[in-house]
Structure formats: C-alpha cells, structure tokens
Amino acid sequence: MKSSYFPQEIEKKWQKIWEDEKVFKTPDESDKPKYYALSMFPYPSGKLHMGHVRNYTITDVIARFKKMNGYNVLHPMGWDSFGLPAENAAMKHGANPGVWTDENIAYMTKQLKMLGLSYDWDREVTTCKPDYYKWTQWLFLQLYKKGLAYKKEAAVNWCEECGTVLANEQVIDGKCWRCDHVVEKKYLSQWFLKITDYAEVLLEDLDKLTGWGDNVKTMQANWIGKSEGAIFRFPVIDCDEVKEIPVYTTRPDTVHGITYLVVAPEYKDIEKLTTPENKEAVEAYRANARKMTEIERLSTERIKTGVPLGTHCKNPFTGEIFPLWTADYALAEYGTGAVMAVPTHDERDFDFAKKYNLPMKVVIQNPENPSDCKNEAYVDEGVLINSNEFNGMKNTEAKKAITQKAVDGGFGEFKTQYRLRDWLVSRQRYWGAPIPVVYCEKCGIQPVPEDQLPVMLPEDVDFSVVGKSPITTSKTFTETTCPICGGKARRETDTMDTFVCSSWYYLRYSDAKNDKLPFSKDKVNHWLPVDQYVGGIEHAILHLLYSRFFTKALRDLGLLDFDEPFKNLLTQGMVLKDGSKMSKSKGNTVDPDEIFQNYGADTARLFILSDSPPARDFDWSDAGVEGCYKFLNRVWRLIASNAENISVNVSVPASLKKENDDLIRLVHIAIKGITNDISNDFQFNTVISKYRELVNSIYDWLGKKSSLDNEDKAVLSFAVITLLKLMSPVAVHLTEEAWHELGGEGSIHSQKWCEWDENLAKASSITLVVQINGKLKDKIDVDEALSQDVLKEIALNSPKIKELTDGKTIVKVIVVPKKLVNIVVK
RNA sequence: GCCCUGAUGGCGGAAUCGGUAGACGCGUCGGACUUAAAAUCCGGUUGGAGUUAAAUCCAGUGCCAGUUCAAGUCUGGCUCAGGGCACCA
C-alpha cells in the first residue's frame, strides 16, 4: 500500500472497475426487500453545481447504506432535458437544442461518474428522447380520454420574455419563475390538466405523508387553499337580462349586514348589469383594470377603488335593497367573481365603504366593545344582533343555521371552495413534448391515434423566428391529415410544460426500457412508492404537487395501484458561500471539477455532508474542504503505516487486556451511534464526527503501544476494518482501495453493514454525576451494577460532598440509576 | 395579516426519556519536530472572578414568567431571523 494518499489515481481506477463489473446494477428479481432511493433529476444545464453534489451525495449514501443493510436498492438517474435554456441556446447559435442538450448530458454524466455515485445507468431516462416523450404523449392521451385534459379559452399568465404562457405555480410574486420578467394576463385558448378534480384528495392525503416535513405539507395545503362557506343567490331587481347574482362567502353569519355587492371588473354579466347612465364610468374603470399588471392589481397596499353599476339587488334574508358596484378587489377567477360586502365585519369592505361613504350595519357584537365598528371592522367571534330570528346566536353556529335557511328557501347552498386552479400545460415553444392532437375543420379536435406515437419534433424548423414558436415554421409538422376523415388537418403546435415530463419519470425508472407501455403495472407496483426522495425545497409546490396529482390520476386510470409517489421526502438546504446562495451573478460559485481535481471526490463527498444536517443550509468554506482532505489523509496514514498488522479475516478473542477491551467498546459505540444517526433523519454531520472520534481513539490506542502482540493485532484489525465499512458509503474510493490492500474479497460496497453488541456498546465503568440542588458538584467513577442505595451512599460519602453539605439539612436525595445523584439541601 | 421553520462559543454545529451544555470540526493561541518552511504530532480555547500556576467560585443555550429535586429540552407570553401564502370574500 502506498504511504501517501493519491485520490485522483485510486478514484479513476475504481470508477472503471465498478462500471466494468456493473457493481451497482439493480436486478428486478431478488429475495431481498426493495428500497427505492431517488434524487430529483437535473436539468442538463451544462455543469454540475454544488447543490447537485449535495443532493446526489446524500441520496447515494442512503442507497449504499440500505444496500449494505440487505436491501435490493433501486438508485437511478436521468435528465429533465426539455425546456427553454436549450431552445435559447439553439436560437443564439442556430443549432438544434438537442445537440446542445446531448453535449451537456455527456459532460454532466462524466461528472456524476467522477463523484462515484452508485447509479444503475441501465435505467437512465432522458425526457427529450422519443422513447420517453412517446409515453408522455401517451399518458396525455389517457388523461384526455378521461376528461382530465381539456382545452379552454381563459385569462392566462403570459411571459413576454419567454414568449409563452405559464402555470399559476410558475408565477412567483407576479413574475416568471425562470426569467423574473413581469407576467401579463392574456386571453388565449390553452390546454389544461384538471388537477382541481383532485384538490380534496391532494389535501386530505397530506396526512398520510408522515415522512414529509411540515413545511412542505403546509405549503401544499396553503396552495390548495380549501375554505368552507356558502353560495347565496341575490335577486337583481332592476335588470331584465340578469335575474340573480350568486356570491361565495365564508361568512354567511354576517349576511344581515350586507350594504352593497361587488363584482369583478371582468365579471361575465357586468355589461348587462350596467345602466346607461353608468356605462361610461364603468367602461373606463374596466379599461384601467385591464391595463394594470398583476402586481399592481394585487397589491394590498393600494387604496381600493370602484364604481357603481346603477343596478340593485335584494337581500333575501332581510328584504333590504342594496346597490351593485364593480371594484378590482373582487377577483374574477375565485368563487363566483362576486362578493357580498359587509363593511362592519370585513376589513376590505370596511376600507371601501369608508372611501365611498357606503352604509354600515353591525350584526356581530364585539364582546369587549359592543356595537362599535366605527374605526375598524370586527372580524372575530361574537353574538349576532340585528339579524332577526338569529339574534343572540353565536356566530360560529349561525353560519350553519343561516346557510340552512338559504338552502330551505332555495336561494343558497353549502359550498367548499379551493384556491387551486387547473394546471395550464401548453407552451408556445419548440423544445418540449408535442401535444398529440390535430385540428380538423370537419371533425374538430382529434387525438393522435396511439399507434402513431410519438409525434416527433420536426427538424425543419427556423430557430431565428421572433414572436412565435419555432415549431410553427415547420410545414411537414403543421400540415397533416385527420385520423377520422382523412381530410386536411392542422397539427397542434404547442408543446407540453416540462413539469408534465417530470411528473412521471420516477415511474419510468422501474421499467425504463419498456417499449409497449410507459411501465408495466407489476414493476411499477413492485418498486414504487419511492422510499426516500431527496431534492430542493423549491419544488415544494410545483413538481411535488404535480407528481402527486399524476400518481392519483394514473391510479384512477388503472395503470398503478398506489396513491402517493414519495413515501419519505428530504428537502435539502441550499449550498451557500459567505452566507449567500452560490450564483454566477454573485461570483461566489465553487466548481465541483476543481474540487475533484485538487482533493478528489471522496473529500468533496465527505465535506458536503460534514458541517450541517442535510435539511439545513450549508456554508461552503475552503478551510472546511481542506480539513476533510486532511482527515482522509489521516485515515490513509493510519492504515498504510499499520497495513502489515491488519488483516480482514481476524477474530477478536473473548477475553482482552483492559486497554484492548476499551477500544473494542469504542468501536461498538461507533457502530451503534453511526447506524442510529443514519437511520434517524440521515444526520450525516454527526456520523462524520463519529468517524473522527473513532480514528482519534485508534490513534490514541496506538500511541500507547510500543509493539503489537497477536491480541493487539486482532483488535487493531477489527477496529480498522469496521472503520472502513462504516466510512464506505461516504469515502467510497478510499475505503474500497484500502479494503483490497488489506486482503478484502469483492467490493467493500457489497459487504454487510456492521452489527454491534449492546453489552459492548458502552464504557466498562460509568461516571456518576453528583449534584447539589441540581448543580454539578462531583463526578465519581462507579461500577454500573450498583444499586440505588449504594449509589446514594457513595455520593453522600464523597469527601467533597461531605464538605459542601456540612451543617446543612438534607431534604431529599434523588437517585437516577447508572447516571446521577441529586442531593437537595436547605 | 396568516402559516411554517429556526435562534446554543469567534464560526459550522453536538447534546435518545427533562439528568455532566458546548461532542466533532473550522479558526486561533502555545508547544514538539525542522537550518527554515510545509506536512505531521501534542496541548489550550464560553465569559467573568481567582491564583506564580493550580484548585476553586459565579454567570451562561434570543427575552420574560412558570412547572420540576433538576429545563437548551416541557408550558404560557413575547422578540428577532429565514421561508411560504396573501384584496381568495
């Protein structure tokens, strides 16, 4: 064994051997229980960044740990390879996006292999390849047939910079998630997936996800945004065309306090509800609302504005007549697009009524400040007043009673409302899976027959066009025939949102080469759900919600038999440098290639796991890398300079010298601690500190020996071999090299994980802590078998304790066996 | 405004059930080896008081209360930071 550690040399060597011998291939058939470990697959942007390194290292260590613990582990990798950057690069260089993408995949694959990740590359999936997107299209058609994919004209989010529409989930603070450009509203006919059909079950099943963090679950719950309330229909008294206006409210208890009603400027019947005298003002107001960006419109800071329509409604509960207004604080897309206004018990209505001097009527009594809603709305609980037969009722009860009255009277019903909207999946871009439908003048929208899939992306496109999707420039693509009548037809030129492709890739890994189906039911049911999913928190809503929806929809289509895709989710923290996120614009990025070259992959892996628990942000420091490199050198030296005294196949005698027994105990403590730390939330940072403790202990032990007898050699061998196995999931190359140098057979990564003996996984004696009034006063080494009474005597007789308790009254003595004695004195 | 997460030395962080606060590392200080440096090894490192040095004592886990023999850990009330949602009726 070489006396110095040359990571670059040994890493290359073992990566080749592992690949040649297919050490990490996962058989479908096995006697072992299955375990599916998955990292969120990357977009092939060009190079790995440290966030990738962290993500994949975490999952890799989990996969290796489970493999050594007797599981048949599925640990695949693939590429989320459709999307705008490839298309933009193509436009810039005039090349096909596929070429750019392939080059990036090739480079990043090389990097992943340099990191020593244990992937089964035979299962690789690439979403932009026809053998994958064929099945994305096929799944789209299944959803279409079930009525879960549909086309409609709607106000949609448009990003001018990207030249395409966006899903609601892709609009962050009114801006495009990718380019930060301000998003506009446009009326367009677009394809949607009916995720709203699953709103309730997506929300309910969050409770089943015990292996997910609360943060992600609450974010999803907030996004789904369930609220319970009522629909009330208000008769319009002075309009011939519109008989009634339905409103949604969560406060049916305040219905007797309505003093006006607001409809959104985009409300469908607004023109009919406007009297001729008000027409000009209403038109002007609506025109202005259209001009505003989403950000301006939704700002809560803005002073509320509105104009009256001139028409009136009647309150079926009171008979009172109140005016109709339009105001942009009412949203067309939520509820019915109309709001009943109760200024006394809603802050927004209050502000509006104040500004326009609209009347107010208190109907819920504030128990602390009766009848006063002069300065602000009272929105909390109370008792009803001015509400006819409901007076005196608690408002929480009145909600139900009042809605029931509306139901009985035929002018309302109970209603559950969700914030979640259907998922807009069409994109006006080239580099995506083509939506497999055609438009026939005679037969209308027709799905492409399944035996004609995939609808291939055309090659004869002009990427230099501006203002429209490059795909529209291909004549061979757009001009087609109708599958029903054979007549002239036009092909859909929109492609699918890349999030559609990534909503099912984890299913494809179970059966990646299937050319008859996206996956066989048997295989997908065997491997799924994913036992451990690891990725960034930025997908808390987007990818994770879409994937849950897909799984449920595919289950209802009979394609699989489970209802949640990811059993356990680990959202790793960001990789920071100098306290802020690594980014090119800040110039604080660290290139993984450089770390591999200077220190080797094992150092990179060790460091990225060492300083913070996986869920927390991780601050990259050059000194920290250096420290990990030094540690690996220290481990190498330990083995290299004692190699002749260490052998793989040595058994430790039952009876040992004291110092040897102590070391054996420390090894068992390490096995137990490390195994538990990995099992509990993957606390790799403490795992690594335990590696260091064990190495320090072995060095200390060696330092006390001038020569080694056979017992010593056996003990040293046990300690070092155990250390190697414990470190093998992290320092994958170093441990493999050392394992073989010491005579190990096969790969260390195929060895069984170490077991500990509970009797040995503790020190031979224990330290008894003696407290007086809960404060530490003395420590005494004692035998662990001693009874409580004896421990009490020992504590009370300690010279130090005697001195401190002298002249004081001992009120009470608390003895915690094997641990502590607390003496309470006055 | 609502929701989630968090707050422990100079720094990252550790601490099964409430039971020795600060494991391990980084940084730093001192020492050994060396002509010298690097590398390596050994030791100190929460603050304050104390001492030639030690012993020792006091305070201490964001703040204020509480429960308990005992609180970083449990309860109540705050403060601050990060993240999510937000004119959603």
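Heavy atoms only: backbone and side chains are in, while hydrogens, waters and symmetry mates are out. In what follows, chains carry the letters A, B, and so on, assigned in the order in which the sequence lines appear, proteins first and then strands, with residues in each chain numbered from 1.
- For A:Asn215, no side-chain nitrogen or oxygen approaches OP1 or OP2 of B:G84 to under 4.0 Å.
- Partner of A:Asp253 under the side-chain contact (heavy atoms from CB on, under 4.5 Å) criterion, out of A:Glu381, A:Lys399, A:His345: A:Lys399 alone.
- Of the side-chain N and O atoms in A:Gln683, none sit less than 4.0 angstrom from OP1 or OP2 of B:C24.
- At the heavy-atom level, A:Asp619 lies nowhere under 4.0 Å from the strands shown.
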Pair pattern of RNA chain B in dot-bracket, where unpaired bases get dots and | marks partners in another strand, Watson-Crick or G-U under 3.5 angstrom | (((((((..(((......[....)))((((((.......))))))((((......))))..(((((..]....))))))))))))....
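- Taking atom OH on A:Tyr334 and atom P on B:A89, their separation rounds to 4 Å, with Å as the unit.
- Listed pair A:Asn696 / B:G25 meets the phosphate criterion, a side-chain N or O lying under 4.0 Å from OP1 or OP2.
- Nearest to the side-chain atoms of A:Leu331 among the listed nucleotides B:C69, B:A89, B:C58 stands B:A89.
- We find that CD of A:Glu626 is positioned 13 Å from C1' of B:G27, with the value rounded to whole Å.
- Comparing the same atom, C1', in B:A7 and in B:G13 gives a spacing of 13 Å after rounding to whole Å.
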So which protein N/O to nucleotides 37-47 of chain B N/O distances come out below 3.5 Å?
{"unit_1": "B:U40", "atom_1": "O3'", "unit_2": "A:Arg637", "atom_2": "NH2", "d": "3.3"}
{"unit_1": "B:C41", "atom_1": "OP1", "unit_2": "A:Arg634", "atom_2": "NH1", "d": "2.6"}

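- Atom-to-atom, CG of A:Leu609 to P of B:C24 comes out at 20 Å; the value is rounded to the nearest Å.
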